[in-house]
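Presented below is the structure to which this report refers.
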Amino acid sequence: MDRQAGGARATLHHRQHRMTELAHPDRLEKVRRMRAEGIDPYPPRGVEAEPVAELVAAAGSREEPGPRLGETVTVAGRLLGLRDFGKLIFAPLAERSGRIQVGLERDRLAQWWPRRKLLDGGDLVGVTGELGHTQKGEVTVWAQEVHLLSKALAPPPEKWHGLTDKEQRYRRRYVDLWAGEGVAEVFRKRSRALSVIRAYLEGEGYLEVETPTLHPLLGGAAARPFVTRHNALSIDLYLRIAPELYLKRLIVGGMERVFEVSRNFRNEGLSARHNPEFTMLELYEAQADYRRMMEITEQLFERLARELCGGTAVSYRGREYSFAAPFERRAYTELFEEANGCAFDDEPAVRARAKELSIEDEHSDYWKLMSDVFDATVEGELDGPLFVTGYPVGISPLSKASTEDPRITERFEIFVAGMELGNAFTELNDPQEQQRRFEEQVASLDPETPGEVDLDYIQALEYGMPPCGGMGIGVDRLLMVLCDQESIRDVLLFPTMKPLVAADSD
RNA sequence: GGGCGCGUAGCUCAGUUGGCAGAGCAACUGGCUUUUAACCAGUAGGUCCCAGGUUCGAAACCUGGCGCGCUCACCA
């Protein structure tokens with residue numbers, strides 16, 4: 001016990017020591033010298049600068065000069081490194097639109113020149129000068145004025161590897177974003193994807209809404225929740241695991257076409273495909289059904305691929321996926337039978353199969369077990385984009401049953417590269433049937449199903465919900481595919497990490 | 001929680017059979033007006049994750065711990 005405590009203390013001390021050393025002594029000395037000379041290393045105002053990508057385009061090449069070659073321009077950004085030739089220094093400057101080279105010549109900067117040694121890689125500067133080229137044809141701003149905008153005390157990481165330690169990349173995303181190849185691009189794409197989604201749905205007559213994140217009851221999915229406390233009300237609240245039941249209340253309310261970009265929270269394990277908080281797009285449309293949801297999925301996926309990947313061919317982990325509509329459809333029941341040699345509702349056969357696959361019957365709930373068998377034998381093999389249709393009623397408590405086969409529902413999930421990217425169905429709007437299914441869930445004692453029936457939701461249905469189609473799309477996972485990233489953490493700016501020093505460890 | 005792997009300079013990494021702690025980049029000093037990971041010469045920089053153990057001698061071997069990654073389980 002004592003040894004453990006001692007070890008923990010040593011680790012703590014080690015980490016804090018390292019963190020203070022991020023500020024480099026030489027750079028601290030330069031800051032002192034600047035202040036002594038009356039130079040503010042952290043001036044309050046920036047400079048008015050142009051996006052460098054536009055300047056690079058407008059400079060043209062040496063052979064074919066662009067319209068703005070020779071103009072005096074101002075750029076601002078981070079100096080990634082300094083290549084010093086004595087009376088000439090080249091430095092790449094990075095900002096939001098891209099990179100441009102800055103050329104610092106003694107002859108053009110007579111007054112500033114003695115201060116060049118105060119400059120370091122990583123510093124933020126504003127540079128005014130002539131837009132031109134070097135002998136090798138690189139577009140360069142030949143500086144006439146240099147303004148330090150913010151002194152970097154911490155040196156940038158090694159210049160051609162950047163940060164490679166994944167933990168360091170996620171923890172210090174503020175470095176990774178400019179030091180890591182392609183990192184900023186992923187998050188520009190993420191932003192564009194959300195714009196495309198909003199533009200598409202608004203074009204379809206949808207209204208974007210915001211429903212509560214703090215829920216008094218669990219519902220809309222099966223997952224372990226985060227619990228929090230409201231002091232004034234003296235009640236526990238859950239961080240939402242899904243916005244579904246609130247959005248459907250809005251359909252009852254006559255809003256008819258609504259969507260929400262919802263941050264959901266599930267208190268479960270972390271993996272390459274799971275983060276405790278993740279973004280879900282949920283949408284609901286009155287007078288629509290699951291077939292309309294397929295249409296929306298196809299249109300949205302195709303549009304996103306065109307906007308983000310330049311076409312409908314999407315390359316993910318070395319394989320190509322066609323995002324051109326229509327997508328393939330397969331029935332859940334058929335896929336189940338092909339993979340397992342028995343019908344999904346042949347309980348003795350499925351139980352035997354589960355034993356073969358050493359899948360444990362944890363909740364003594366047959367439908368959960370059957371679903372586990374499906375996940376183990378079918379899901380990972382689905383290349384897609386593929387709609388798996390007709391999920392069994394027993395694992396679809398919020399879906400309307402099929403009119404042709406009462407054992408299954410009007411529901412589908414969309415798969416790409418073995419990953420579930422979305423889940424949609426014709427919404428169950430019969431309040432009595434919904435209450436019956438909720439009561440079954442409560443009776444199951446599964447820790448991941450609601451502990452009590454959401455009577456307010458039943459009451460909403462009692463006022464009458466029109467026929468309705470609804471869908472949830474895992475935005476992060478969809479972006480993994482569109483940006484060709486292997487881990488969900490690579491499409492999240494700040495993925496959930498264990499704190500360096502655990503505040504509460506027992 | 002299980003399995004596998006990793007932990008050495010600010011960063012990226014070597015370190016042979018157990019025998020003086022190493023390189024490149026970054027930093028510092030000097031040189032250089034066209035580089036693209038500039039180049040040349042020099043200097044400085046270490047809790048080898050922590051604690052025990054084996055040994056004449058441990059960064060290396062053993063035990064325990066800590067941290068992280070991958071993976072499996074979990075995640076309708």
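Please read all numbers here as calculations on a predicted model, not as lab measurements. Naming convention: chains lettered A, B, ... in sequence-line order (proteins, then strands); numbering from 1 in each chain.
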Picking from B:A38, B:A76, B:C11, the nucleotide nearest the side-chain atoms of A:Arg172 would be B:C11
| said: What's the gap between B:G5 and B:A44 when it is taken at their P atoms, as a whole Å value? | reply: 40 Å
Of the listed B:A76, B:C11, B:U35, the closest approach to the A:Lys136 side chain comes from B:U35
Next item on the list: Indicate, with a heavy-atom threshold strictly under 4.0 Å, whether A:Pro92 touches base, sugar-phosphate, or nothing.
Entry: nothing
By nearest-heavy-atom nucleotide on RNA chain B, the more 5' of A:Pro156 and A:Gly394 is A:Pro156
Quick check with a 6.0 Å cut-off and a 45 degree axis cone: is A:Arg411 positioned over the face of A:Tyr391's six-membered ring?
yes
Please tabulate, one pair per line, each protein N/O and nucleotide N/O from nucleotides 27-29 of chain B that are separated by under 3.5 Å, including the distance.
{"from": "B:A27", "atom 1": "O2'", "to": "A:Asp26", "atom 2": "OD2", "distance (Å)": "2.2"}
{"from": "B:C28", "atom 1": "OP1", "to": "A:Lys30", "atom 2": "NZ", "distance (Å)": "2.6"}

Using side-chain contact (heavy atoms from CB on, under 4.5 Å), reason through A:Glu105 and A:Trp142 one step at a time and then give a plain yes or no. CA-CA 7 Å; A:Glu105 286 181 295; A:Trp142 294 105; 3.6 Å; yes
Apply salt bridge (Lys or Arg N to Asp or Glu O under 4.0 Å) to A:Lys87 and A:Asp107, showing your working.
CA-CA 8 Å; A:Lys87 298 184 183 66; A:Asp107 295 346; over 6 Å; no
Under 5.5 Å and under 30°: A:Phe85 stacked on B:C32: no
Taken to the nearest whole Å, CG/A:Asn423 to P/B:A76 is 10 Å
P-based separation of B:U47 from B:G57 [nearest Å]: 24 Å
When rounded to whole Å, the CG to C1' distance for the pair A:Leu421 and B:A76 reads 17 Å
Regarding the side chain of A:Arg489, the nearest nucleotide among B:U33, B:G69, B:A76 is B:G69
Of the candidates B:A76, B:U33, B:C32, the side chain of A:Asp84 sits closest to B:C32
Notebook entry, point to check: Would you say the side-chain atoms of A:Glu95 and A:Ser97 include a donor-acceptor pair closer than 3.5 Å?
Noted result: yes
Is the distance between the ring centroids of A:Phe387 and A:Phe412 less than 6.0 Å? yes
Winner on side-chain proximity to A:Ala222, out of B:U33, B:A76, B:A38, is B:A76
Quick note, A:Ala272 side chain, CB onward, closest among B:A76, B:C32, B:U71 is B:U71
Per atom distances to the A:Arg266 side chain, the nearest of B:A76, B:U33, B:U36 is B:A76
Rounded to whole Å, CE of A:Met280 lies from P of B:A76 at a distance of 10 Å
Regarding A:Glu145 and A:Thr128, do their side chains bring together a donor and an acceptor under 3.5 Å, going by distance alone? no
* Is there a donor-acceptor contact under 3.5 Å from the side chain of A:Gln485 to the main chain of A:Cys483? -> yes
Here the distance between atom C1' of B:U36 and atom CD of A:Gln135, to the nearest Å, is 14 Å
* Asked: Taking atom P in both B:U63 and B:C4, what distance in whole Å separates the two?
  -> 13 Å
Checklist entry - When you look at A:Tyr170 and A:Asp176, which way does the side-chain contact (heavy atoms from CB on, under 4.5 Å) test go after all the steps? => result CA-CA 8 Å; A:Tyr170 300 140; A:Asp176 192 36; 5.8 Å; no
Between CZ of A:Arg106 and P of B:U34 the distance, given in whole Å, is 13 Å
message = Between B:G2 and B:C49, how far apart are the two P atoms, rounded to whole Å?
response = 24 Å
When A:Lys87 and A:Ser487 are each assigned the nearest nucleotide of RNA chain B, the 5'-most assignment goes to A:Lys87
